[in-house]
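Read through the structure below, which is laid out as structure tokens, and then see the notes.
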Amino acid sequence: MNTILLIEDEKHLSRFIELELRNESFAVTVAHDGKTGLELALKEDWGAILLDLMLPGIDGLEVCRRIRMVKKTPILMLTARDSVTDKVSGLDSGADDYIPKPFAIEELLARIRVVFRRREDSVGEQSGSLIAFQDLSVNLDSRIVSKGSESIELTKREYDLLVAFMNNPNRVMTRETLLDKVWGFEAVVDTNVVDVYVRYLRNKIDSPGESSYIQTQRGIGYVMRR
């Protein structure tokens, strides 16, 4: 599905991006405010959504959060704000990638190709609907995470990170490998973001007084084992 929804209020920029995407054979629909963009995002199925952070009406973070409540559509956030805090906020709201402005159109196109490729690859990796490790289980169809008989609420990024670990039990993975699997190889985020999300995930899946499912390999990365 090569359809893209572009939600960007800068009309000259949105027109430029639209023409470049059409030249790459993507079918593009454009919205110039958060409310219209959110309505289109929820109404139709899209191959990917390009979402500006600063939008009139409803800002990009809120649009992203509302989309993530009901849809798994890949979201690439476009913004002039590029601090680590802003990146974490954008990714934590459910964005799959974060592209600071200004950017080269070739970079944007490459990021979009990565998102589409990762989506295709994930279909091949997830051959079963249920994966488990110890007393943790993940239903890949419903995206329900359970520990024993109790459900665990995770953000999209925490969920993707957990699935990456559970698909690779007892394998030590570097921060760069996790960035590739969870954020995409060309995502503009620092490796310390991985540390932040591993901490978030540990806080939700570990039990007090017990060793963590996810162990730190000093100087290398992380491994899921107990």
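All residue numbers in this chain count up from 1 along the given sequence.
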Min side-chain heavy-atom separation [X]-[Y] under 4.5 Å:
X: Leu154; Y: Asp160; result: no
X: Val138; Y: Met166; result: yes
X: Asp195; Y: Arg175; result: yes
X: Leu178; Y: Phe165; result: yes
X: Glu8; Y: His32; result: no
X: Ile205; Y: Ile214; result: yes
X: Leu130; Y: Ser137; result: yes

Given the side-chain rings of Trp46 and Phe26, with only the six-membered ring counted for Trp, is the space between their centroids under 6.0 Å?
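No, too far apart.
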
So is Arg143 actually on top of Tyr159's ring, under 6.0 Å and inside 45° of the axis?
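Yes, Arg143 lies over the aromatic ring of Tyr159.
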
What is the minimum heavy-atom distance between [X] and [Y], and which atoms define it?
X: Pro74; Y: Gly47; answer: CD-O, 3.4 Å
X: Leu21; Y: Ile112; answer: CD2-CD1, 3.5 Å
X: Ile75; Y: Cys64; answer: CD1-SG, 3.8 Å
X: Asp52; Y: Leu78; answer: OD1-O, 2.8 Å
X: Ser14; Y: Leu6; answer: O-CD2, 3.5 Å
X: Ala41; Y: Ile49; answer: CB-CD1, 3.8 Å

Would you confirm whether [X], through its side chain, and [Y], through its main-chain N or O, come within 3.5 Å as a donor-acceptor pair?
X: Asn139; Y: Ser142; result: yes
X: Ser212; Y: Gln215; result: no
X: Asn168; Y: Ala164; result: yes

Applying side-chain hydrogen bond (donor to acceptor under 3.5 Å, both in side chains), can you list everything that pairs with Arg68, at least two apart in sequence or on another chain?
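side-chain hydrogen bond (donor to acceptor under 3.5 Å, both in side chains) check on Arg68 returns Asp96.
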
Please round to the nearest 0.5 Å and tell me the distance separating atom [atom1] of [X] and atom [atom2] of [Y].
X: Leu51; Y: Ile99; atom1: CG; atom2: CD1; value: 11.0 Å
X: Leu5; Y: Leu38; atom1: CG; atom2: CG; value: 10.0 Å
X: Met224; Y: Met173; atom1: CE; atom2: CE; value: 9.0 Å
X: Ile4; Y: Thr73; atom1: CD1; atom2: OG1; value: 12.0 Å

Salt bridge check: are [X] and [Y] linked by an N-O gap of less than 4.0 Å?
X: Lys147; Y: Glu150; value: no
X: Glu10; Y: Lys101; value: yes
X: Asp97; Y: Arg111; value: yes

Please tell me whether Leu136 and Ile144 are part of a single hydrophobic cluster in this structure, the criterion being side-chain heavy atoms less than 4.5 Å apart.
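No, because Leu136 and Ile144 fall into different hydrophobic clusters, even though each may have its own neighbours under 4.5 Å.
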
Could you see if Leu19 belongs to whatever hydrophobic cluster contains Val30? Use Ile, Leu, Val, Met, Phe, Trp, Tyr and a side-chain cutoff under 4.5 Å.
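No: no chain of side-chain contacts under 4.5 Å links Leu19 to Val30.
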
Crowded around Lys204 NZ? As in, over 12 foreign heavy atoms under 6.0 Å?
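For Lys204, atom NZ is crowded (more than 12 foreign heavy atoms under 6.0 Å).
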
So which residues get pulled into Val223's cluster when ILVMFWY side chains under 4.5 Å apart are joined, directly or through others?
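Traced through the cluster, Val223 reaches Val172, Ile220.
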
Do we see a donor-acceptor contact under 3.5 Å between the side chains of Thr36 and Asp33?
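The criterion, which ignores hydrogens and geometry beyond distance, is satisfied for Asp33 and Thr36.
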
